[in-house]
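Everything on this sheet refers to the single structure shown next.
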Amino acid sequence: MPPPRPPAGRPRDHQRAQMMPLPGRGQSPYDERTRPMGHREQDYVPPQPPPRQPPPRQDDDYPPSRPPRGRRRWGFGRILMTLLLVFVVFLAGIWVYLEFSIKRVDALADYEGRPVAAAGTNWLIVGSDSREGLTAADEENLATGDVAAAGGQRTDTIMVAHLPDNSTKPTLLSLPRDSQVKIPGHGTNKINAAFSLGGPKLLAQTVEGATGLHIDHYAEIGFGGFAKIVEAIGGVEMCIDKDMNDTVTGISIKAGCPQTLDGREALGFVRMRHSDATPRSDLDRVANQRKFIGALVSQIASPGTLLNPFDFFPLLSAAPDALTMDSGDHVHNLAGLAIAMRGISSGGVVTTTVPVTSGSAENWDKNKSKQLFDALKNDTEVPDSVIVN
């Protein structure tokens with residue numbers, strides 16, 4: 001039944017409505033956004049919004065961004081390594097160029113009775129009177145003479161360079177070209193006739209038989225190549241003690257120290273024997289040849305030549321046409337010879353001629369020659385008593 005209605009005439013009692021929290025819930029999140037009932041408006045403080053986070057910077061990204069390649073700076077170490085690499089590639093290019101450009105010949109061959117290899121390394125160095133590559137004007141300018149009158153191609157210079165395996169000094173030994181020796185298959189004759197009769201191979205076999213030394217390497221240079229090398233480095237500085245006037249070739253060299261010999265004068269100097277300055281003929285000539293080789297090698301190996309492009313590149317161009325090596329030789333072998341021979345001018349190399357019995361240099365002194373050759377075979381000091389300069 002419905003509740004009884006109050007009597008008429010009495011006012012109704014109104015009860016204030018209140019919001020009751022629902023069971024199981026705490027304060028509503030909306031309570032902070034609305035003004036609670038029963039509070040005055042001036043007392044209400046709205047809640048502060050949460051602080052906004054700034055967007056992340058690009059520098060904080062992972063992985064970090066790389067600097068542009070164009071702006072990368074090269075350190076000193078990297079520049080040094082690059083320069084070193086360029087230098088190594090340059091040297092390798094020169095080595096390859098020379099290795100495949102220098103002329104080769106089969107000069108050294110095995111045969112029955114050949115001397116066995118002993119201590120050290122032996123080079124046979126030959127200066128031939130080859131006119132290859134020379135015009136008639138070149139031959140007249142260099143005063144090479146008539147090759148037909150000389151009886152065919154011969155050698156003006158025959159040397160043995162001994163490079164020891166120990167601390168003894170290298171030795172540069174001259175063999176006078178008029179020395180009477182046995183030439184295999186041709187009896188006894190002047191040693192330079194072997195080159196005319198059988199070329200480099202017969203000459204090498206003749207030298208081995210006469211000296212008992214095993215020849216390991218062979219190098220040859222002709223008239224034209226010799227003059228071109230001298231001209232390529234701007235001449236060779238020499239000290240000439242007295243005037244030299246060759247009555248056969250007509251070449252004259254004035255005394256002076258130092259003075260620079262050009263290609264023509266240098267060739268005349270190493271060949272000269274008909275002059276008042278060379279009274280011992282061939283013995284003086286071979287002594288001058290060793291002296292000039294020392295000056296030439298020292299100048300080629302000097303920084304003034306190697307670092308000067310106006311000398312170095314002409315030398316590099318002239319070397320392949322000037323030199324002839326054995327087919328088994330390489331550029332590094334030639335470099336080792338050049339390094340060893342640098343000491344000629346400073347006394348670091350023993351220079352001598354085979355001991356002879358007379359000024360004609362035709363016959364060798366057997367006892368002294370044997371002592372000399374034995375010292376070279378065994379890498380021992382060459383006795384002063386057998387040194388001839």
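We number each residue from 1, following the sequence as shown.
- Within 6.0 Å of CG on Asp165 lie more than 12 heavy atoms contributed by other residues, nucleotides or ligands.
- The side chain to side chain donor-acceptor pair (under 3.5 Å) contacts involving residues 232-245 comprise Asn245-Ser252, where partners must be two or more places apart or lie in separate chains.
- Identified under the disulfide (SG to SG under 2.5 Å) test for residues 210-254, with sequence neighbours left out: Cys239-Cys257.
- The side-chain hydrogen bond (donor to acceptor under 3.5 Å, both in side chains) test applied to Ser101 returns no partner, not counting sequence neighbours.
- Sorted by first and then second residue, the disulfide (SG to SG under 2.5 Å) pairs with a member in residues 302-352 form an empty list; sequence neighbours excluded.
- Residues meeting the side-chain hydrogen bond (donor to acceptor under 3.5 Å, both in side chains) test with Ser385, sequence neighbours left out: none.
- Only one option out of Leu172, Leu175, Ile125 pairs with Val160 in a side-chain contact (heavy atoms from CB on, under 4.5 Å); it is Leu175.
- Listed by first and then second residue, the ring pair (Phe, Tyr, Trp, His ring centres under 6.0 Å) pairs involving residues 226-273 are Phe226-Phe292 (not counting sequence neighbours).
- Applying the disulfide (SG to SG under 2.5 Å) test to every pair with at least one member in residues 337-388, sequence neighbours left out, gives no pairs at all.
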Donor-acceptor pairs are to be reported for all side-chain atoms of residues 106-113 against protein atoms at under 3.5 Å, with residues two or more places apart or in another chain.
{"from": "Asp106", "atom 1": "OD1", "to": "Ser327", "atom 2": "OG", "distance (Å)": "2.7"}
{"from": "Asp110", "atom 1": "OD1", "to": "Arg114", "atom 2": "NH1", "distance (Å)": "2.6"}
{"from": "Tyr111", "atom 1": "OH", "to": "Glu208", "atom 2": "OE1", "distance (Å)": "2.6"}

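- Residues forming a salt bridge (charged side-chain N to carboxylate O under 4.0 Å, His left out) with Lys190 (at least two apart in sequence, or on another chain): Asp178.
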Would you tabulate the side-chain donor-acceptor contacts of residues 330-344 under 3.5 Å, counting partners in other chains and residues two or more places apart, or write 'none'?
{"from": "His330", "atom 1": "ND1", "to": "Glu99", "atom 2": "OE2", "distance (Å)": "2.6"}
{"from": "Asn333", "atom 1": "OD1", "to": "His330", "atom 2": "N", "distance (Å)": "2.9"}

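- The salt bridge (Lys or Arg N to Asp or Glu O under 4.0 Å) analysis of residues 355-379, with sequence neighbours excluded, yields the pairs Lys370-Asp374.
- Considering only residues two or more places apart in sequence or on other chains, Arg177 meets the salt bridge (charged side-chain N to carboxylate O under 4.0 Å, His left out) condition with Asp156.
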